[in-house]
Protein chains: 2
Amino acid sequence: MKNDTADAKPPSDTLKDRTLDTLQQMIVMGDMAPGSKVLETSVATSLGISRATLREAMNRLVEVGLLVNLPFRGTYVRKLDRVDLTEIYSLRAGLEKIAFQMCWDKRNLVNLAELEFRNEVLCDKISENDPYGAISSELHLHSWCYELSGHGLLLQSWERLKPNLQFYFAMHQKAHGRGGPLRQSHDDYIRLAKGDDLEAMLAHLDDHMRQGLAKTLEMTDW
Amino acid sequence: MKNDTADAKPPSDTLKDRTLDTLQQMIVMGDMAPGSKVLETSVATSLGISRATLREAMNRLVEVGLLVNLPFRGTYVRKLDRVDLTEIYSLRAGLEKIAFQMCWDKRNLVNLAELEFRNEVLCDKISENDPYGAISSELHLHSWCYELSGHGLLLQSWERLKPNLQFYFAMHQKAHGRGGPLRQSHDDYIRLAKGDDLEAMLAHLDDHMRQGLAKTLEMTDW
DNA sequence: GCGAGTCATATTGTCGACAATTTATAATTA
DNA sequence: TAATTATAAATTGTCGACAATATGACTCGC
């Protein structure tokens, strides 16, 4: 573990990538209203960069799904609805199932300790009633599982999916000021990880996902 | 079904997108050697377009995984190895499992007929000993399942994964001149789709993926 | 007053040029 | 000669400007 204070990865050295991070953060933090148009000229000048550079960054955010591009008509901040969230969760369940299966044989003392540590961090955030921190910790915990799986393509898929979850949470956090202590602790995962029943673990994963989806849908019952 | 002669989707109206299709086709068809550097200037002039436009297209191919970019050092045609193929297949299995589950309730006469038709096309290609056609038909058949599932995000994930498979096949087809009649017919799928045992279908899917991976690995045993 | 057509404006798509960085080549030194 | 540094060439990153398209205002005819 090299950095503990935040999920700060070393910012990429090219301006395009830095811009990408900036934009993604802005969207995910709710600084850009969903559905609003992203005017290339104004954003570019506001960031002090050229349009070409901005466009390259925006193109990737379109790939991730945070932006939507209509040729010749502009690029808009994605509006995630309940259907989108349902799709996100069902895909996520599929991905994590693969990850868990690949991690299963790697269970050992150090990994379980790491898992418990990350769970404690999450629980702290929950008890501190820090929704952003809780979500961040939760996603971070799962990211760690993907990394542990050693499945590069899987990790990449998750990294593409993750911002959508952050976005959805922040979107409603900002809109309704709620969605606070919705993240569940991962005690059950730890208990199952200590056992020998992979099927039970996968079943619990499905449950966890279903509940996460349900709670999120309920929370955002506008 | 609007177009039957080929998997020709209407080319996007923007030059960037047309370039994207062109480049992807070139790579997937094996016209660019894996590991070789993609010189922006020469490719751009060769295609008669500007570098900026080419870069936008290339960026997306980096996202898909067909290209690899090293900042300030250039972009290279991806080299897919056995590990990559294994990852691709395991992810694919996960994705298709979701798709099949979502398609399960949509089984009816017209969909089964469509499935049988597409299987026949595939079998024809196999018996004609047309490897490219067989692979294209196989992937097309599966794409149809993803579309039927109605899961937009899932389809998108598949569309990102698919070119990698095409690439890998073509890569070794070109290199070794073999890999011909390796695609299996989908008779078993059809049989199971007519039945009522979803679990059996999913198990067969796992088998099918495992066999596909094994055959492909064996075929590319350089 | 309302719709079709025309024109001006705003915005995106594309291009060529310059700056930053890397890679290749030549000169230098131990 | 081999390693190292300095220099030149090639390549990528970034920028500002022009072209193509869409959006909105306006006119005209009914």
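Owing to the predicted nature of the structure, the values given are computational and were not obtained by experimental measurement. Every chain is numbered from 1 and lettered A, B, ... according to where its sequence line falls, protein lines coming before strand lines.
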Let's go through A:Glu96 and A:Arg92 carefully: what are the C-alpha distance in whole Å and the side-chain angles of both, what is the deciding distance for salt bridge (charged side-chain N to carboxylate O under 4.0 Å, His left out) to 0.1 Å, and is it a yes or a no? CA-CA 6 Å; A:Glu96 302 217 345; A:Arg92 181 183 175 186; 3.1 Å; yes
Quickly work out the [X] [atom1] to [N] [atom2] distance and round it to whole Å.
X       : N      : atom1 : atom2 : result
B:Asn59 : D:dT12 : CG    : C1'   : 12 Å
B:Asp13 : C:dT12 : CG    : P     : 17 Å
A:Met58 : C:dT11 : CE    : C1'   : 11 Å
B:Arg55 : D:dC15 : CZ    : P     : 12 Å
A:Lys16 : C:dT21 : NZ    : C1'   : 15 Å
B:Arg18 : C:dG13 : CZ    : P     : 13 Å
A:Leu47 : D:dC15 : CG    : C1'   : 15 Å
B:Glu40 : C:dA17 : CD    : P     : 16 Å

Of the candidate nucleotides [options], which contains the atom at the shortest distance from the side chain of [X]?
X       : options                : answer
A:Leu39 : D:dT12, C:dT11, C:dC15 : C:dT11
B:Phe72 : D:dC15, C:dC15, D:dG13 : D:dG13
B:Ala52 : C:dG13, D:dT12, C:dC15 : C:dC15
A:Lys37 : C:dT12, C:dC15, D:dG13 : C:dT12

For the residue pair B:Val43 and B:Ile49, establish whether any side-chain heavy-atom pair is separated by less than 4.5 Å.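 No, every pair of side-chain atoms sits at 4.5 Å or beyond.
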Could you tell me if the ring centre of A:Tyr89 sits under 6.0 Å from that of A:Tyr168?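 Aromatic pair excluded; centres sit 6.0 Å or further apart.
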How do B:Tyr76 and B:Ser50 order along DNA chain C: which one's closest nucleotide is nearer the 5' end? B:Ser50
So what does A:Thr41 hit on the nucleic acid, given a heavy-atom distance under 4.0 Å: a base, only sugar-phosphate, or nothing? base
Check this one for me: any side-chain N or O of [X] less than 4.0 Å away from OP1 or OP2 of [N]?
X       : N      : result
A:Arg73 : C:dT12 : no
A:Thr14 : D:dT12 : no
B:Thr53 : C:dC15 : yes
A:Thr75 : C:dT12 : no

For A:Ala93, give me all partners under side-chain contact (heavy atoms from CB on, under 4.5 Å), at least two apart in sequence or on another chain.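 side-chain contact (heavy atoms from CB on, under 4.5 Å) list for A:Ala93, sorted by chain: A:Asp206, A:Met209.
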To the nearest 0.5 Å, what is the distance between CG on A:Leu205 and NE2 on A:His142?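 Atom-to-atom, A:Leu205:CG and A:His142:NE2 are 8.0 Å apart.
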